[in-house]
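Take a look at the structure below.
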Amino acid sequence: MAATMHAFANGAELARNLADKVAASLSAAIDARGAATFAVSGGSTPKRFFQELSARDLDWTKVTITLVDERFVPADNPRSNHLLVAENLLQNKAKAANFLPLYQAAASVEDAAKLATKATETIGNPFDVAILGMGGDGHTASFFPDGSNLKAALDPKTPRGIITMEADGAGEPRLTFTFSSLQDAKLLVLHIEGESKKDVLAKAEGAGDEAEMPIRAILRRAVSPVEIYWAP
């Protein structure tokens, strides 16, 4: 399904507009069924957006937030996506939201994935909103080009839930929602910033294998239309 590009003059303008869009989508879900679900990405890119969204006026007590992916590290680790969300999104009015982490204190990342899948089953599906990022190598979530479980992660027949991923560029082992868990979010957003990321996106939109640039799976096969939010 064709993606829609929303280009902004700078990151601050993008953050405001994306926060408005997400707040409206979450509010609509709450109005429709009394609850909303929201999956967010990590990294440095979403910080400003998180801060903008955290101040939006909606019934955060009815919002459940989780992560698209996570490193297999405790929540207080500086590289934890949980910590990023806690410090930037779960603040202000959004402090009242329910947060479901992916990291689980388990003997192995495989055991943690099983526990995280069970913990997130309560969210239901599809997500009302899922925000993805993209790395310079074309990865999204923890779908890395050389990922240990990439084929299974991108297979639409792989059940919804959490799968493990290890890759040279990943650092720590990862926990990531599968493609099947993300591709039908009611609002599916790819949030990217910087001229170099725009070049990566242009390459991803061209011919080539999904295994080379896994973001292609989202761009080509997602059931929901992808809304791209970009700023230089």
Side-chain angles (χ1 to χ4, degrees), residues 14-77 79-105 112-113 115-133 140-142 160-163 174-178 180-191 218 224 227 229:
L14 183 157
R16 289 192 299 272
N17 280 270
L18 183 54
D20 288 342
K21 178 71 172 181
V22 170
S25 296
L26 296 176
S27 293
I30 292 168
D31 290 343
R33 67 173 200 282
T37 58
F38 181 25
V40 300
S41 60
S44 59
T45 299
K47 282 185 179 180
R48 185 157 34 191
F49 156 63
F50 285 166
Q51 292 162 5
E52 281 281 348
L53 182 60
S54 72
R56 291 297 189 273
D57 188 17
L58 60 117
D59 190 351
W60 286 102
T61 64
K62 296 179 180 177
V63 178
T64 296
I65 301 172
T66 192
L67 291 158
V68 168
D69 66 323
E70 178 62 284
R71 296 173 175 85
F72 186 50
V73 296
D76 59 355
N77 186 294
R79 287 173 57 77
S80 165
N81 288 339
H82 182 158
L83 183 63
L84 173 79
V85 169
E87 292 181 342
N88 295 279
L89 178 55
L90 300 176
Q91 301 290 329
N92 303 313
K93 295 176 181 178
K95 191 179 292 186
N98 177 40
F99 179 68
L100 290 179
L102 298 190
Y103 172 79
Q104 308 287 323
L115 291 171
T117 294
K118 188 168 184 61
T120 55
E121 283 175 350
T122 59
I123 294 175
N125 54 74
F127 286 114
D128 292 301
V129 180
I131 309 287
L132 300 174
T140 190
S142 282
R160 294 176 187 267
I162 313 302
I163 197 169
R174 302 291 187 102
L175 300 158
T176 185
F177 271 101
T178 58
S180 62
S181 306
L182 302 170
Q183 53 93 32
D184 58 353
K186 294 176 184 176
L187 174 63
L188 182 58
V189 173
L190 176 60
H191 175 189
I218 297 293
S224 298
E227 303 279 338
Y229 279 66

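The first residue in the sequence is number 1, and the count goes up from there.
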Determine, step by step, whether L83 and D76 satisfy the side chain to side chain contact (heavy atoms under 4.5 Å, CB included) criterion, reporting the C-alpha distance in whole Å, the side-chain angles of both residues, the deciding distance to 0.1 Å, and the verdict. CA-CA 6 Å; L83 183 63; D76 59 355; 5.7 Å; no
Between R16 and R56, what is the shortest heavy-atom contact and its length? O-NH2, 3.3 Å
Determine, step by step, whether T120 and L102 satisfy the side chain to side chain contact (heavy atoms under 4.5 Å, CB included) criterion, reporting the C-alpha distance in whole Å, the side-chain angles of both residues, the deciding distance to 0.1 Å, and the verdict. CA-CA 8 Å; T120 55; L102 298 190; 4.0 Å; yes
Give a yes or no on whether the backbone of A185 and the side-chain of S224 come within a donor-acceptor separation of less than 3.5 Å. yes
Measuring from L18:CG to L53:CG, what's the distance to the nearest 0.5 Å? 8.0 Å
Mark yes or no for whether T117, through its side chain, and A113, through its backbone, hold a donor-acceptor pair below 3.5 Å. yes
Distance (rounded to the nearest 0.5 Å) between N98 CG and K62 NZ: 14.0 Å
Distance, nearest 0.5 Å, that separates CG of D31 from CG of L26: 11.0 Å
Under 3.5 Å, is there a donor-acceptor pair between the side chain of T66 and the main chain of L100? yes
Out of the candidates V189, V129, V85, only one should pair with V40 under the side-chain contact (heavy atoms from CB on, under 4.5 Å) rule; please name it. V85
Atom pair CG/CZ of D69 and R174 - distance to nearest 0.5 Å: 6.0 Å
State, with a plain yes or no, whether a side-chain heavy atom of L187 is found less than 4.5 Å away from one of K21. yes
Does the E227 side chain pair with the main chain of L190, one donor and one acceptor, at a distance under 3.5 Å? no
Considering all heavy atoms, the nearest L188-Q183 contact: CD2-O, 4.0 Å
If I take atom CD1 from residue I65 and atom CG from residue L90, how far apart are they, to the nearest 0.5 angstrom? 5.0 Å
How about Y229 and I131: do any of their side-chain heavy atoms sit closer than 4.5 Å? no
Of all heavy-atom pairs linking T37 and F127, the shortest is OG1-CA, 3.4 Å
Criterion side chain to side chain contact (heavy atoms under 4.5 Å, CB included) on R48 and L14, from CA distance to verdict: CA-CA 9 Å; R48 185 157 34 191; L14 183 157; over 6 Å; no
If only atom types and distance count, is the side chain of E70 paired as donor or acceptor with the main-chain N or O of H82 below 3.5 Å? yes
What distance do L182 atom CG and N125 atom CG have between them, rounded to the nearest 0.5 Å? 11.0 Å
Please report the closest heavy-atom contact between A55 and K93, naming both atoms and the distance. O-CD, 3.6 Å
If every non-hydrogen atom of F38 is compared with every non-hydrogen atom of V22, which pair is closest and at what distance? CZ-CG1, 3.8 Å
Do R33 and D128 have side chains that approach each other closer than 4.5 Å (heavy atoms only, starting at C-beta)? yes
For a quick test of reading the model, state the closest non-hydrogen atom pair linking L84 to G42 and the distance between them. CD2-CA, 3.6 Å
